[in-house]
Amino acid sequence: MAITQLSIFLENKPGQLHEVVKRLSEAGVNIRAMTIAEVRDFGILRIIVSDVEKAKAVLEDDHIITTTEVVSAIMEDKAGALYDILQALESANVNIEYMYAYTGEVTGSANVVFRVDDIEGAEAKLKEAGVEVL
Amino acid sequence: MTHYYQKDIETASREEILKIQNEKIRKQVKHVYEHVPYYRNLMDEKGVKPEDIQSVDDIKKLPFLSKADLRESYPYGLLAVPLNDCVRIHSTSGTTGKRVVAFYTQHDIDLWEDCVARAIVAAGGTEEDVVQVCYGYGLFTGGSGIHGGSHKVGCLTLPMSSGNTDRQIQFMMDLNSTIICCTPSYAAFIGESLAERGYKPDDNKLKAGIFGAEPWTEEMRQSIEKSLGIKAYDIYGLTETSGPGVAFECEAQNGMHINEDHFYAEIIDPDTGEVLPEGSKGELVFTALDKEAFPLLRYRTRDICVLTREKCSCGRTFVKMCKPMGRSDDMLIIRGVNVFPSQIETVLLNEGYTPNYQIEIGRKNNTDTLDIYVEADPSRISDKVADIQDMEAGLASAMRTMLGIGPKIHLVPPKTITRSEGKAVRVIDNRKLHD
């Protein structure tokens with residue numbers, strides 16, 4: 001089951017991130033994972049949140065938001081765990097556009113988020129390799 | 001079949017027009033010299049006497065009038081008749097400084113409204129039409145000028161004035177407006193508002209629109225035509241010369257015929273003041289040939305434009321002016337290249353962006369830098385940095401083709417470029433060249 005990531009286009013200047021986080025905070029939306037891809041003039045804030053619709057509602061009037069389906073896999077906290085996951089994706093010939101990880105709810109594991117060109121293929125292959133997918 | 005409001009003059013031969021112009025200019029120069037001390041002094045300084053002006057060819061001997069002269073002579077300094085003979089005043093918005101007030105006798109109002117009537121008929125207007133005037137009424141010339149022309153044609157006139165878009169749309173739909181007159185940006189806004197309310201372009205009865213009072217591009221014309229389901233015609237004028245109707249577009253939609261029986265046009269080099277040959281790009285200068293109350297001779301409009309005398313398919317013989325390509329005072333020289341903000345707007349519309357932008361010019365290591373901030377279209381933004389960089393690179397390349405120099409493009413979120421109620425701040429020049 002793919003999960004929905006929100007990507008928010010931000011100008012690279014003071015206060016931009018603060019403002020987004022403030023709105024989410026006021027709306028009671030929990031940010032479960034985040035990463036920022038930045039170049040000189042702008043950045044893209046990518047977040048996984050507890051309530052996608054609510055987050056969109058408080059942000060979309062003043063921000064450019066895109067929603068993207070991403071694959072989230074549960075990875076054990078041990079050496080070689082990421083390698084196994086990437087091995088599975090490699091064998092399915094899935095291209096990873098970007099990825100990031102966050103602490104999962106289960107102690108001793110992390111969640112890894114993958115933006116890929118073939119979600120179904122990636123998920124099928126991960127399950128086949130015994131990786132738990134959110 | 002082409003219709004004309006005043007066919008004889010609109011299709012007169014070159015010789016006939018010249019004959020009329022020559023007669024009028026002799027009389028006009030005498031009138032101004034005798035009644036406007038301010039201009040008489042300018043002529044005396046130049047050593048020009050009324051009898052030196054025998055034909056329109058001699059107009060080049062006359063001194064120019066500029067906006068600065070109008071400010072200096074405010075309010076009555078250029079008035080050429082007793083105030084008792086005047087019936088109306090109009091005024092500019094005063095965005096570039098002190099307001100200009102213009103005076104009109106009944107004769108002046110009549111000739112102005114005739115000019116507007118020619119424009120309405122050229123856009124296909126007849127007494128069958130319902131003309132919705134959503135230019136502002138008041139001191140601004142737009143509302144009352146178009147209103148008067150519409151009466152002359154015998155159209156049913158809706159004096160809406162500007163704003164209150166809900167009411168504009170209600171009247172347009174309920175009273176079957178067929179011609180709409182306003183600024184092009186308001187026309188575009190009405191188009192968007194109709195779509196938001198679920199109307200399709202052919203749900204209205206509009207067939208034509210006459211738009212002016214601000215610069216607009218060919219691309220904007222196409223988008224307005226599509227959103228309202230109409231033909232969009234340009235109209236040109238200035239408060240200083242009377243108001244809208246100095247020049248108007250015909251069915252050919254490729255330039256505006258100047259009402260040459262009332263206004264004589266020249267193109268000059270904005271730096272030297274020298275008259276340029278036909279087809280040259282330069283500053284547009286107007287001489288009012290038969291206005292009584294506020295007869296400006298050789299008024300420098302600051303609009304950069306080209307005049308052509310190519311035969312027009314509509315049969316009108318009046319010289320044509322192109323859409324003003326910019327203003328001599330907002331032309332930017334960047335790395336030695338002349339750049340007009342209107343060119344940047346054209347590229348943005350061509351590439352599918354909104355014309356909300358800001359230009360920032362700077363100087364680094366003795367070389368000019370050009371940065372253009374553009375509001376991104378949310379539907380085209382992706383979650384990948386590379387996609388956005390590709391969009392910026394694509395736009396920069398289109399700009400380079402049009403401008404001749406390469407800018408740095410910065411996409412910014414919508415609504416982040418400051419808009420003011422009146423004119424947007426488009427250009428920030430940080431070069432300190434005069435210290």
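Naming: A, B, ... by sequence-line order, numbering from 1 per chain. Reckoned from all heavy atoms, side chains included, excluding hydrogens, waters and symmetry mates.
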Give me a line-by-line list of donor-acceptor atom pairs from chain B to chain A that are under 3.5 Å apart, or tell me none exist.
unit_1 : atom_1 : unit_2 : atom_2 : d
B/D383 : O      : A/R46  : NE     : 3.3
B/D383 : O      : A/R46  : NH2    : 3.0
B/D383 : OD1    : A/R115 : NH2    : 3.0
B/D383 : OD2    : A/T68  : OG1    : 3.4
B/D383 : OD2    : A/Y98  : OH     : 2.4
B/D383 : OD2    : A/R115 : NE     : 2.8
B/K384 : NZ     : A/E97  : OE2    : 3.4
B/K408 : NZ     : A/D41  : OD2    : 3.3
B/H410 : ND1    : A/D41  : OD1    : 3.4
B/H410 : ND1    : A/D41  : OD2    : 2.8
B/K415 : NZ     : A/D61  : O      : 3.0

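In this structure, B/I388 and A/I44 have side chains that are in contact, with non-hydrogen atoms separated by less than 4.5 Å.
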Going by atom type alone, with no hydrogens or angles, which donor-acceptor pairs under 3.5 Å involve a side-chain atom of residues 398-405 of chain B and a protein atom two or more places apart or on another chain?
unit_1 : atom_1 : unit_2 : atom_2 : d
B/T401 : OG1    : B/S397 : O      : 3.0

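Both the backbone and the side chain of B/A376 come within contact range of chain A, each with at least one heavy atom under 4.5 Å from a heavy atom of that chain.
Each of A/L6, A/I65, A/I64 has some count of heavy-atom pairs under 4.5 Å with chain B, and the biggest count is that of A/I64.
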Pair A/F9-B/L411, side-chain contact (heavy atoms from CB on, under 4.5 Å): steps then yes or no: CA-CA 10 Å; A/F9 177 80; B/L411 289 176; 4.1 Å; yes
